[in-house]
Amino acid sequence: MQAPSIGGVTVPRGDGSTVVRVRQGATLSDFADKINANPAALVTVLFHLGEMATATQSLDEDTFQVLGQELGYDIRMVSPEEEERELYDSFDIDLEFGVESEDDDDLAARPPVVTVVGHVDHGKTRLLDAIRNEDVAGGETGGITQHIGAYQVHREHDGTERAITFIDTPGHEAFTAMRARGAKVTDIAILVVAADDGVMPQTIEALNHMQAADVPIVVAVNKIDVEGANPQKIRQQLTEYNLVAEEYGGETMFVDVSAKQGQNIDSLLDAVLLTADAALDLRANPDRDARGVAIEANLDKGRGATATVLIQSGTLRVGDAIVTGASYGRVRAMLDEHGQNVEEAEPSRPVQVLGLSSVPRAGDTFVVAPDDRTARQIAEKREAADRQAALAKARKRISLEDLNEALAQGKVDTLNLILKGDVSGSVEALEDALLQIDVGDEVDLRIIDRGVGAITLNNINLAMASDAVILGFNVRAEGQNADVADREGVEIRYYSVIYQAIEEIEQALKGMLKPEFEEVELGSAEIREIFRSSKFGNIAGSIVRSGEIRRGTRARITRNGVVVAENIEVAGLRRFKDDVVEVREGFECGINLGSFNDLQLEDLITTYEMREKPRA
Ligand code: GDP
C-alpha cells in the first residue's frame with residue numbers, strides 16, 4: 001500500500017499489524033530495506049515526527065516504535081545474537097557451549113589454544129617451527145607434516161602429558177579479523193620480542209589487540225643466542241605496557257628462548273600451561289554435538305572444499321552433518337596435522353574436514369546439525385541473512401554522534417579510541433590531551449591503540465572488534481581501507497588541529513554532537529500559467545529551469561527573489577494528462593501545491609531536501 005504521507009514523501013505503509021523485525025542497533029537504511037522504502041524518505045518522515053537522524057545512524061527502540069506507529073508497522077527489536085539463536089532454535093540446536101552453560105559434571109579439561117604474535121622478523125614463524133619440533137608425540141607419528149592452519153603439540157608437564165593447540169598463522173591480523181567476526185578462538189597469546197631489537201611498533205600493536213580481547217600473554221624473549229641480546233631490557237620496556245614480569249612482582253611470565261637453536265622451548269610450553277592453569281578455566285563438554293570455528297579453508301583440486309575447524313565443545317565425528325557459515329555437508333573424512341585420518345575430534349582439537357559444499361570463511365562458526373537437510377536449510381538461511389546484511393547499508397558500530405544515546409541506554413560504558421598521526425609527537429600530545437578530558441563517572445575513555453602512519457586494515461579490524469572510533473591526525477585511511485571502514489560501519493574522524501579533536505570528543509561525551517543537516521536544492525521551475533481548480537486546488541503550469549522537480553519533495557516559492565512561502569509540498573506532478581514522479585530541466589509540467597493558493601506568474605518554485613552535512 002502506498003500513501004503520500006508526512007513530509008510529503010511516499011512510503012509503503014503497513015496495516016498496523018504488519019510485523020517487522022529489526023536488529024538492535026539497526027538504522028533507517030536497514031528498516032527501509034525491510035519495508036522497501038527509500039531511506040531518504042524515512043529520514044524526512046522522522047524529521048517531521050520531530051526526530052533528527054541520518055539514514056546510517058543506529059536508532060533506539062523508542063524511535064523505531066514511533067516511526068512504526070506512524071507508518072502502520074508493529075516493530076519488534078532483535079539482537080544479532082538473538083537472530084542467530086532464533087535461527088538455530090528453529091532447528092532445535094543449542095548454541096551455548098561456555099563453561100557457565102554446562103553442568104560441572106559434564107565438563108572435562110581441554111588444551112589451551114595459542115596464537116603467536118609480535119613484530120615482523122622477531123621470529124614468530126621460526127618459533128612455531130621450533131615448537132613443532134618439540135612435540136614429544138612427534139616421534140610416533142612422523143612429525144607434523146601438513147599445514148592445516150593449526151596443530152597440537154604434547155608436553156610432559158607435572159608428570160602428565162598435556163596438549164597445546166597452536167594456531168599456525170603467526171601475527172595478530174588473522175586473530176583480529178576473526179574476532180571482528182565474533183569468533184573467539186585464542187586462549188593465550190605468545191608475544192615474541194627479539195632480544196636484539198626490542199619493543200617495536202607491531203609488538204605494541206599486537207599487545208593492544210590481545211589486551212583489548214582480554215587474552216593473557218606469555219612473553220617469549222627470542223634470539224637470545226645473538227650477541228648483544230639484552231633480555232632484561234625487553235622486560236623493562238614492557239612494564240610500560242602493563243606487562244610486568246613475575247620476577248619483578250608482576251603476573252606475566254617471560255621466557256628467554258632461541259627459536260633458531262631450539263633453546264628453552266620446553267620452558268616456554270610450560271609457561272603457557274602454567275598461565276593457562278592460573279588464569280583460565282579451560283574446560284568443555286565433550287559429550288555433545290560438536291561446535292567450533294572454521295580457522296582456515298580452501299578449495300582443493302582433488303578433494304573439493306576443505307576447512308580446518310577448531311572444536312570448541314562436543315566431539316566431531318566422521319559422518320556428522322555440519323554447517324559452517326553458508327557452507328554445509330557431511331563430514332566425509334577428517335585429517336590431522338600429521339596427514340592421518342581421525343575418526344573423532346574433541347574440544348581444542350583442530351582437524352581438516354572434507355565434504356563441505358563450499359569454502360567457509362575464517363571465523364565462521366560451525367555446528368553439527370541433526371541431519372543433512374537441516375544443515376542445508378541453516379546454511380541457506382545464513383546465506384540469505386549475509387546477503388541482506390551486505391545489502392543493508394553499513395551501520396555505525398559506534399559513532400561519536402550517537403555515543404551519548406548508547407551511553408544512556410547502557411549499551412556501552414566506554415568510548416574506545418584508536419589514534420593515528422603523522423608524527424609520534426602529535427599522537428602523544430593528542431593522547432595526553434584526550435586523557436585529561438573530564439569524562440565523569442559513567443563513561444570510560446580508553447585509547448586502545450595508537451601509532452604513526454596511515455590508517456591500516458589492522459586498525460580498522462581492531463576498531464570493528466572493539467567498537468572503537470578511529471581518529472586520524474594529518475593521516476588518512478590508505479587505499480581501499482576507507483571503503484572497508486565505511487562498509488563495516490567503522491567511524492574514522494580526520495583532524496589537523498588537536499584542540500578540534502579534543503573539543504569534538506568532549507562534546508560527544510556530553511552528548512552534544514548532533515548531526516547537522518543542510519538544505520540541498522533539487523531543482524527549480526518557473527510558473528508560466530496558472531490553472532485554478534476548485535477540486536484539485538491550483539495547478540502551476542511551469543517550466544523546469546534547473547535540476548528536476550520531484551513529486552513529494554518540499555518547495556519554497558520566491559517572487560522577485562523574495563521568499564513568499566516555505567515548506568510547501570509538491571503534492572502532485574503532471575506531464576500533459578499523466579501523473580509523473582519527476583520532470584527534468586527544460587520540460588513543462590503542471591505542479592500541484594496542495595492547498596497553497598497564493599501563486600503568481602513568474603514565481604519560482606524551488607524544491608529541496610534536507611541531507612546530513614558531512615563534517616569537515
Ligand atoms: P617473523 O617475521 O616474526 O615470522 O620472523 P621469522 O620467524 O621469519 O624470523 C625472522 C628472521 O630471524 C629469520 O631469518 C630467522 O631465521 C631469524 N631468527 C628467528 N629466531 C631466531 C633466533 O632465535 N636466533 C637467531 N639468531 N635468529 C633467529
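Model, not experiment: these values are computed from the prediction. In listed order, ligands and their atoms are each counted from 1.
- Close approach of ligand 1 to Arg126 (heavy-atom distance below 4.0 Å) involves ligand atoms 7 (O), 15 (C), 16 (O), 19 (C), 20 (N).
- The backbone of His122, and not its side chain, has at least one atom closer than 4.0 Å to an atom of ligand 1 (non-hydrogen atoms only; backbone = N, CA, C, O).
- Within ligand 1, the atoms closer than 4.0 Å to a non-hydrogen atom of His119 are 3 (O), numbered from 1 in the order shown.
- For atom 18 (N) of ligand 1, the protein comes within 4.0 Å by at least one heavy atom.
- Legend: side chain to side chain donor-acceptor pair (under 3.5 Å) pairs involving residues 216-228, not counting sequence neighbours, sorted by first then second residue: Asp225-Ser258.
- There is a side-chain donor-acceptor pair under 3.5 Å between Thr456 and Asn459.
- Ligand 1 places these atoms under 4.0 Å from at least one heavy atom of Asp225: 22 (C), 23 (O), 24 (N), 25 (C), 26 (N).
- Only the side chain of Asn222 comes within 4.0 Å of ligand 1, counting heavy atoms alone; its backbone N, CA, C and O stay farther away.
- Of the candidates Val113, Ile131, Thr115, Ile131 is the only one forming a side-chain contact (heavy atoms from CB on, under 4.5 Å) with Phe166.
- Lys260 CD, 3.8 Å is the protein heavy atom nearest to atom 27 (N) of ligand 1.
- Looking at heavy atoms from C-beta onward, Leu457 lies in side-chain contact with Val484 at the 4.5 angstrom threshold.
- Of the protein's heavy atoms, none falls inside 4.0 Å of atom 13 (C) of ligand 1.
- Protein heavy atom in closest approach to atom 28 (C) of ligand 1: Lys223 CE, 3.7 Å.
- Side-chain atoms of His147 and Asp168 form a donor-acceptor pair, as typed in the model, at a separation below 3.5 Å.
- Side chains of Tyr495 and Glu504: a donor on one and an acceptor on the other come within 3.5 Å.
- Distances between N or O atoms of Gly123 and those of ligand 1 include at least one value under 3.5 Å.
- By the 3.5 Å distance cut-off applied to N or O atoms, Ala259 is counted among the residues near ligand 1.
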Just list the side-chain donor-acceptor pairs under 3.5 Å for residues 310-320, sequence neighbours left out, or say none.
residue	atom	partner	partner atom	Å
Gln312	NE2	Lys184	O	2.9
Thr315	OG1	Pro286	O	2.7
Arg317	NE	Glu344	OE1	3.0
Asp320	OD2	Arg317	N	2.8

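- In this structure, CG in Leu243 is found 13.5 Å from OH in Tyr248, a value given to the nearest 0.5 Å.
- Salt bridge status for Glu337 with Arg349: present, with a side-chain N to carboxylate O gap under 4.0 Å.
- Nearest protein heavy-atom neighbour of atom 2 (O) of ligand 1: Asp121 N, 2.8 Å.
- Contact annotation for Val226 and ligand 1: only side-chain heavy atoms (C-beta onward) come within less than 4.0 Å of the ligand.
- Scanning the protein for heavy atoms near atom 4 (O) of ligand 1, the closest one is Thr125 OG1, 2.5 Å.
- Annotation: cation-pi geometry satisfied between Arg476 and Tyr494 (NZ/CZ under 6.0 angstrom from ring centroid, within 45° of ring axis).
- Contacts between Gln261 and ligand 1 below 4.0 angstrom, taking non-hydrogen atoms only, are absent altogether.
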